[in-house]
Amino acid sequence: MTERLPPLTALRAFEAASRHMSFAKAADELHVTPAALSFQIKSLEEHLGTPLFRRLNRAVELTEAGKTLAPGTAEGFQTLAGAWRATRRLLDDSSLTITAGPALTAKWLAPRLFDFARAHPEIELRFSATLKIIDLERDDVDVAIRFGYDDFDDLYSVPARKEWLTPVMTPELAAQYPTPQSLEHAPLLYDDSIDFLNPRCDWPTWFRAAGLTFPPSRGLHFSNADHAIDAAVTGAGVALGRRPMIIKDVMEGRLVTPFKLAIETKARFRFLCVKGAEKRAPIAAFRDWFLAEIEKTAHISDDFEIIPVEDIPAS
């Protein structure tokens with residue numbers, strides 16, 4: 001026989017009080033009086049048959065029973081809240097919340113989003129530029145654009161085009177360093193945000209792909225890809241840039257790609273959402289726009305010899 005659970009209002013009162021460790025703060029959060037909250041907790045303790053809090057002079061603390069109950073109630077209400085948000089999003093065709101990394105947002109998405117907004121004025125766009133781990137089933141996010149490997153089996157996942165990197169610099173620097181060999185003496189810029197790639201796609205790898213020996217080099221290191229590209233735009237050095245991060249600056253002439261040799265990573269950007277959510281009109285519209293926008297500049301790859309990183313000899 002299933003044991004009868006206590007009233008949800010009593011559990012909610014306990015969850016808030018155990019989180020704040022204060023009846024007054026919990027009552028304020030739930031918009032009830034402290035007396036009403038205390039009554040709910042008292043009824044829960046009677047239902048359980050043991051105290052959940054020790055009432056001290058000006059504070060409360062959890063009993064052993066309270067410590068056992070608190071994590072489960074917190075997780076339970078978080079799950080309920082996530083399910084409620086997910087259900088509301090399922091029924092909402094008027095807004096779309098998207099998350100992508102800061103670099104992709106700055107260098108690729110932000111300059112193009114006005115096209116999507118103009119084509120879909122009925123959709124209210126919300127954007128979060130972050131790389132923090134997102135739970136698409138529980139967090140208030142509809143779509144995530146993430147760079148990495150194909151390990152999203154529990155989500156609807158659409159890979160974008162394969163990713164490659166090539167040296168970029170200002171036209172002025174290109175005149176000073178006209179050959180791949182000349183880069184041995186150039187100021188190199190490092191994008192540390194892709195150090196997780198395996199095999200690595202870094203300056204030593206590109207030099208090996210070009211048949212050159214990488215010279216031990218001290219240079220500027222950046223934790224964000226867009227910062228490395230912005231430094232290259234100022235003429236601070238030569239960056240090894242990923243295609244979506246460099247495309248706008250290259251097409252507008254701020255950067256050039258003088259050496260038509262690129263290394264292809266095994267990772268790529270992916271469009272992610274909860275399975276089944278891809279059928280929602282706003283998500284489907286954004287997915288189709290995202291993939292079509294990538295294809296608009298796909299011809300750039302035709303100018304390059306692109307070598308898969310796994311085909312480049314190790315050092």
Side-chain angles (χ1 to χ4, degrees), residues 85-86 88-137 139-148 152 155-165 168 191 193-194 222-233 239 241-255 265 267-274 277-301:
R85 288 194 299 268
R88 286 176 60 89
R89 290 202 307 272
L90 184 66
L91 302 173
D92 181 12
D93 284 342
S94 64
S95 66
L96 187 64
T97 302
I98 305 158
T99 180
L104 184 71
T105 300
K107 288 296 181 182
W108 194 88
L109 270 172
R112 292 170 168 79
L113 273 176
F114 74 94
D115 278 338
F116 180 82
R118 183 172 55 188
H120 298 277
E122 75 282 4
I123 300 175
E124 179 184 356
L125 278 177
R126 302 186 182 97
F127 217 92
S128 174
T130 179
L131 286 174
K132 77 174 185 177
I133 296 174
I134 298 293
D135 186 335
L136 289 171
E137 292 188 345
D139 295 332
D140 195 15
V141 174
D142 299 299
V143 170
I145 307 297
R146 289 291 184 261
F147 181 69
F152 301 102
L155 296 172
Y156 174 81
S157 174
V158 181
R161 277 186 167 263
K162 292 183 178 180
E163 198 74 7
W164 49 259
L165 302 90
V168 291
D191 171 15
S193 70
I194 56 172
F222 297 89
S223 59
N224 288 343
D226 55 320
H227 295 172
I229 301 306
D230 287 343
V233 169
R242 281 186 280 157
R243 180 184 53 81
M245 307 302 177
I246 65 174
I247 192 68
K248 188 172 189 295
D249 289 312
V250 169
M251 294 186 72
E252 295 179 358
R254 288 182 290 274
L255 294 174
T265 78
R268 62 177 74 184
F269 281 101
R270 283 177 167 78
F271 175 100
L272 304 169
C273 68
V274 174
E278 74 276 7
K279 298 174 184 177
R280 283 182 53 209
I283 293 179
F286 185 78
R287 176 201 58 204
D288 294 345
W289 171 85
F290 173 71
L291 297 175
E293 199 67 24
I294 292 172
E295 291 304 310
K296 288 182 180 179
T297 56
H299 65 279
I300 300 298
S301 300

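Remember, predicted model here, so these are calculated numbers, not experimental data. These numbers come from the heavy atoms of this one structure, side chains and all, not from hydrogens, waters or symmetry mates.
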Quiz item: Can a donor-acceptor pair be found between the side chains of Y156 and R270 at a distance below 3.5 Å?
Solution: no
Quiz item: Do I145 and L272 have side chains that get closer than 4.5 Å, going by heavy atoms?
Solution: no
Quiz item: Would R126 and E124 count as a salt bridge (charged side-chain N to carboxylate O under 4.0 Å, His left out) if you check the C-alpha gap in whole Å, the side-chain angles of each, and the deciding distance to 0.1 Å?
Solution: CA-CA 7 Å; R126 302 186 182 97; E124 179 184 356; 3.6 Å; yes
Practice problem: Search all heavy atoms of S223 against all heavy atoms of S193 and return the closest pair with its distance. | Solution: O-CB, 3.2 Å
Quiz prompt | Backbone N/O of A160 and side chain of R268: donor-acceptor pair under 3.5 Å | solution = yes
Quiz item: Is a donor on one side and an acceptor on the other found under 3.5 Å between the side chain of D142 and the backbone of T97?
Solution: yes
Quiz item: Less than 4.5 Å apart, any side-chain heavy atom of I283 and any of L96?
Solution: yes
Self-check item: Carboxylate-amine/guanidinium proximity below 4.0 Å for E278 and R287
Solution: no
Practice problem: List the steps and the verdict of side chain to side chain donor-acceptor pair (under 3.5 Å) for W164 and S301. | Solution: CA-CA 9 Å; W164 49 259; S301 300; 2.9 Å; yes
Exercise. Could you give me the CA-CA distance, side-chain angles and deciding distance for R242 and T265, then say whether side chain to side chain contact (heavy atoms under 4.5 Å, CB included) is met?
Key: CA-CA 10 Å; R242 281 186 280 157; T265 78; 5.6 Å; no
Quiz item: So F271 and F290, would you call those rings parallel, tilted or perpendicular, with 30° and 60° as cut-offs?
Solution: tilted
Quiz item: Do T130 and P102 come within less than 4.5 Å of each other through their side chains, counting heavy atoms only?
Solution: no
Quiz item: Under a 4.5 Å cut-off applied to non-hydrogen side-chain atoms, are I229 and L255 in contact?
Solution: yes
Practice problem: State which residues pass ring-ring contact (aromatic ring centres under 6.0 Å, His included) with F269; sequence neighbours excluded, sorted by chain then number. | Solution: F147
Self-check item: Exercise: identify the closest heavy-atom pair between V168 and G241
Solution: CG2-N, 4.3 Å
Exercise. Could you walk me through whether T99 and V143 pass side chain to side chain contact (heavy atoms under 4.5 Å, CB included), step by step?
Key: CA-CA 6 Å; T99 180; V143 170; over 6 Å; no
Quiz prompt | Full working for side chain to side chain contact (heavy atoms under 4.5 Å, CB included) between E293 and W108 | solution = CA-CA 10 Å; E293 199 67 24; W108 194 88; 3.7 Å; yes
Quiz prompt | Under-4.0 Å salt bridge between R112 and D115 | solution = no
Quiz item: Do any N or O atoms from the side chain of T105 and from the backbone of A129 form a donor-acceptor pair under 3.5 angstrom?
Solution: no
Quiz item: Okay, side chain of N224, backbone of D226: is any donor-acceptor separation there less than 3.5 Å?
Solution: no
Practice problem: Identify the heavy atoms of L109 and A100 that sit nearest to each other, and give their distance. | Solution: CD1-CB, 3.7 Å
Exercise. Sequence neighbours left out, what passes salt bridge (charged side-chain N to carboxylate O under 4.0 Å, His left out) with D249? Give chain and number order.
Key: K107, R254
